[in-house]
Asks: 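Attaching a single structure in structure tokens format; questions to follow.
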Amino acid sequence: MSTADVVVVGAGVFGAWTALHLRRSGRTVTLFDGYGAGNDRSSSGGESRIMRVGYGADEIYTRWAMHSRDLWIDLFAQIGRPELFQQTGVLWTPRPDDPRVAITEAVFQKCGVTFNRLSPPELQKSFPQLRFREERMALFESLSGFLLAQRTVRAVVDQAVREGVEYRQEFNRRPAGSGVTVYACGPWLPKIFPELLAGRIRVTRQEVFFFGTGGAPLRYFAPPHMPVWVDITDEHGAYALPEIDNLGFKLAFDRHGPQFDPDTGDRSAVGADAARAFLAERFPGLAGAPLLDSRVCQYENTSSGDFLIDRHPDFENVWLVGGGSGHGFKHGPAVGEHVCSLIEGKAAVEPRFSLASKSREPQRSVF
Ligand SMILES: Cc1cc2nc3c(=O)[nH]c(=O)nc-3n(C[C@H](O)[C@H](O)[C@H](O)COP(=O)(O)OP(=O)(O)OC[C@H]3O[C@@H](n4cnc5c(N)ncnc54)[C@H](O)[C@@H]3O)c2cc1C
């Protein structure tokens with residue numbers, strides 16, 4: 001039982017930032033996490049997450065990502081840990097005739113995003129690590145990069161505690177006391193609210209791989225030469241992050257894997273051969289690189305890929321916050337701020353994030 005004004009259940013990136021913002025707005029806050037903040041079962045675990053602002057036509061996410069980036073950087077400056085954000089740039093490599101290029105550029109211009117457009121020859125010259133069998137151009141977000149995921153979540157929780165949040169490593173399944181409860185339980189949300197959310201949030205198994213760059217010219221695969229690379233053209237939705245801290249070059253696929261249980265699911269990866277083959281094709285300098293490590297994480301997908309941030313339909317004081325859908329991490333600061341405004345009655349539920357907009361039929365439109 002907690003006597004706090006607000007109980008936040010789940011100290012992943014969404015819950016941690018929600019607790020911090022609520023505390024800063026003057027509330028007493030208790031934050032619970034059964035497995036611990038940024039634990040290896042959570043969607044916010046692991047070493048890194050991409051911090052990009054490109055979302056095609058989905059301007060709301062571009063704006064939220066830009067705002068979140070500022071808040072991340074402010075926090076890291078405040079706690080003296082600027083290394084938690086690595087500003088390597090983010091490189092998109094679509095086909096020149098991809099209609100999403102013009103749409104993305106229009107949103108970038110409207111929102112004031114700093115970016116460069118690279119012609120096919122410029123792409124080849126600037127990033128010779130990458131090989132394509134067909135013509136590609138590039139958009140380069142120079143102020144983007146990646147966040148050190150687990151470490152940043154723990155840093156947010158540590159700061160929240162320093163500012164007065166009570167943190168408890170305990171499970172909490174029912175609304176406690178008469179105050180407000182925020183359920184920011186990531187892939188556990190459909191287990192906690194099965195009738196409401198089973199099928200509306202689908203939890204899928206996702207694998208990531210880390211390859212050793214030691215046998216290759218290291219400088220090509222580490223900052224400042226190698227940025228984050230994202231490919232929406234490839235049917236698998238491949239992406240790669242440069243080597244840092246000698247942890248290996250990260251490669252993964254964004255396509256949804258099979259259904260997964262975050263408590264009991266086996267976390268040994270099975271897709272290493274496919275990852276090796278893709279690596280050799282796209283990054284020939286890493287052909288034959290040894291696999292150093294792999295991880296199994298899970299996405300918590302809504303039907304469209306839009307977040308779920310809404311009041312529970314049966315409980316006035318209960319809020320549901322999740323549905324990060326494989327792209328939520330970067331938005332943690334803006335999500336927390338928005339939840340705080342909702343609780344204070346200073347904002348309305350964003351229609352795209354409403355429960356009513358979440359169908360049980362997958363129709364992914366946000367990437
Ligand atoms: C492989 C992979 C790659 C990704 N890549 C990116 C990326 O590059 N960029 C990006 O922006 N996003 C990315 N994402 C998405 C992003 O990581 C998630 O959307 C985000 O971390 C979700 O955070 P969350 O706080 O909602 O959930 P979680 O991090 O899962 O947190 C939920 C927490 O709730 C706790 N909990 C659950 N039930 C209870 C209970 N009853 N009582 C107490 N505690 C409880 C859990 O222990 C957990 O810590 C990726 C995700 C994965 C898996």
Side-chain angles (χ1 to χ4, degrees), residues 48-74 76-77 82-132 134-148 152 220-234 237-242 244 249-252 254 282-283 305-306 325-334 365-367:
S48 54
R49 293 290 185 278
I50 300 170
M51 171 72 247
R52 62 174 157 100
V53 300
Y55 268 91
D58 286 315
E59 187 180 324
I60 185 170
Y61 290 109
T62 297
R63 290 193 184 280
W64 274 38
M66 291 172 79
H67 180 49
S68 289
R69 179 184 173 280
D70 290 345
L71 296 180
W72 282 116
I73 288 174
D74 285 352
F76 299 153
E83 80 286 358
L84 294 176
F85 172 56
Q86 299 275 322
Q87 191 182 309
T88 58
V90 169
L91 183 73
W92 298 83
T93 52
R95 292 189 192 104
D97 61 355
D98 189 326
R100 289 170 291 189
V101 174
I103 295 168
T104 304
E105 282 183 309
V107 173
F108 279 0
Q109 274 151 6
K110 188 170 170 201
C111 297
V113 174
T114 305
F115 75 102
N116 300 322
R117 166 192 253 269
L118 280 68
S119 66
E122 286 167 340
L123 168 62
Q124 234 171 1
K125 189 161 174 255
S126 305
F127 298 102
Q129 310 92 319
L130 280 152
R131 176 180 65 184
F132 297 100
E134 57 180 7
E135 195 167 61
R136 297 289 185 95
M137 49 86 66
L139 295 180
F140 184 65
E141 300 177 13
S142 54
L143 300 182
S144 297
F146 63 95
L147 295 151
L148 300 185
T152 65
Y220 280 129
F221 300 103
H225 301 284
M226 180 70 208
V228 170
W229 169 69
V230 184
D231 193 359
I232 47 168
T233 304
D234 179 85
Y239 61 91
L241 279 74
I244 53 144
F249 181 88
K250 179 173 170 180
L251 178 73
D254 181 53
R282 190 64 77 241
F283 297 94
D306 279 317
S325 305
H327 68 101
F329 195 92
K330 65 184 83 58
H331 298 284
S365 62
V366 179
F367 290 90

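FYI, side chains are in, hydrogens and waters are out, and symmetry mates aren't considered; it's all heavy atoms of this structure.
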Asks: For His225, is there any backbone N or O sitting under 3.5 Å from a side-chain donor or acceptor partner on Gln129?
Replies: yes
Asks: Considering all heavy atoms of both residues, which atom of Gly305 and which atom of Tyr61 are nearest to each other, and what is their separation?
Replies: O-OH, 4.0 Å
Asks: Tell me, do Lys110 and Arg63 make a side-chain contact under 4.5 Å, heavy atoms counted?
Replies: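 Yes, side chains in contact.
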Asks: Which residue, Val228, Leu139, Leu143, forms the side chain to side chain contact (heavy atoms under 4.5 Å, CB included) with Val90?
Replies: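 Result for side chain to side chain contact (heavy atoms under 4.5 Å, CB included) with Val90: Val228.
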Asks: Supply the atom-to-atom distance Leu130 CG to Gln124 CD, rounded to the nearest 0.5 angstrom.
Replies: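 The CG atom of Leu130 sits 10.5 Å away from the CD atom of Gln124.
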Asks: Nearest 0.5 Å, please: how far is OG1 in Thr152 from CH2 in Trp72?
Replies: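 Interatomic distance, Trp72 CH2 to Thr152 OG1, rounded to 0.5 Å: 4.0 Å.
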Asks: Tell me, with the steps shown, if Val230 and Asp254 meet side chain to side chain contact (heavy atoms under 4.5 Å, CB included).
Replies: CA-CA 10 Å; Val230 184; Asp254 181 53; over 6 Å; no
Asks: Please check if the side chain of Arg95 supplies one atom and the backbone of Asp97 the other of a donor-acceptor pair under 3.5 Å.
Replies: no
Asks: So, for Val53 and Ser144, which heavy atoms are closest and what is the spacing to 0.1 Å?
Replies: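 Closest heavy-atom pair between Val53 and Ser144: N-OG, 3.9 Å.
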Asks: With side chain to side chain contact (heavy atoms under 4.5 Å, CB included) as the criterion, how do Val366 and Ser325 come out once you've worked through the C-alpha distance, each side chain's angles and the decisive distance to 0.1 Å?
Replies: CA-CA 9 Å; Val366 179; Ser325 305; over 6 Å; no
Asks: Please check if the side chain of Arg136 supplies one atom and the backbone of Pro120 the other of a donor-acceptor pair under 3.5 Å.
Replies: no
Asks: How close do Gln87 and Ser142 get, counting heavy atoms only, and between which atoms?
Replies: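 Heavy-atom minimum between the residues: NE2-O, 3.4 Å.
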Asks: Step by step, would you call Lys330 with Trp64 a side chain to side chain contact (heavy atoms under 4.5 Å, CB included)?
Replies: CA-CA 9 Å; Lys330 65 184 83 58; Trp64 274 38; over 6 Å; no
Asks: What I'd like to find out is whether the side chain of Phe146 reaches to under 4.5 Å of the side chain of Ile244, using heavy atoms alone.
Replies: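 The answer is yes, as the side chains (C-beta and beyond) meet within the 4.5 Å cut-off.
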Asks: Tell me if the centroids of the rings in Phe85 and Phe76 come within less than 6.0 Å of each other.
Replies: no
Asks: Between Arg100 and Asp98, is the closest basic N to carboxylate O distance under 4.0 Å?
Replies: yes
Asks: Is there a side-chain contact between Asp231 and Tyr239 (heavy atoms, below 4.5 Å)?
Replies: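 They are not in side-chain contact.
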Asks: Between CD of Glu141 and OG1 of Thr88, what distance do you get to the nearest 0.5 Å?
Replies: 10.0 Å
Asks: Please check this pair: side chain of Asp58 against backbone of Ile60, looking for a donor-acceptor N/O pair closer than 3.5 Å.
Replies: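 The answer is no, because no donor-acceptor pair under 3.5 Å joins these two groups.
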Asks: Minimum heavy-atom separation for Phe140 to Pro227, with atom names?
Replies: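 Taking Phe140 first and Pro227 second, the nearest heavy atoms are CE1-CB, 3.7 Å.
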Asks: Determine whether the aromatic ring centres of Trp229 and Phe127 lie less than 6.0 Å apart.
Replies: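 No, too far apart.
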Asks: His327 and Tyr55: side-chain donor and acceptor closer than 3.5 Å?
Replies: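 Yes, a side-chain donor-acceptor pair sits under 3.5 Å.
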Asks: Would you say CD of Glu59 has more than 12 non-hydrogen atoms from neighbouring residues, nucleotides or ligands within 6.0 angstrom?
Replies: yes
Asks: Tell me the closest heavy-atom pair linking Ser48 and Leu241, and the distance in Å.
Replies: OG-CD2, 3.4 Å
Asks: Is any side-chain heavy atom of Met51 closer than 4.5 Å to one of Phe329?
Replies: no
Asks: Does the Thr93 side chain pair with the main chain of Ala138, one donor and one acceptor, at a distance under 3.5 Å?
Replies: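 A pair under 3.5 Å: no.
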Asks: List the steps, then state whether side chain to side chain contact (heavy atoms under 4.5 Å, CB included) holds for Arg282 with Phe132.
Replies: CA-CA 6 Å; Arg282 190 64 77 241; Phe132 297 100; 3.5 Å; yes
Asks: Ignoring hydrogens, what is the shortest heavy-atom contact between Trp92 and Gly54? Give both atom names and the distance.
Replies: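 Shortest heavy-atom contact: CZ2-O, 3.4 Å.
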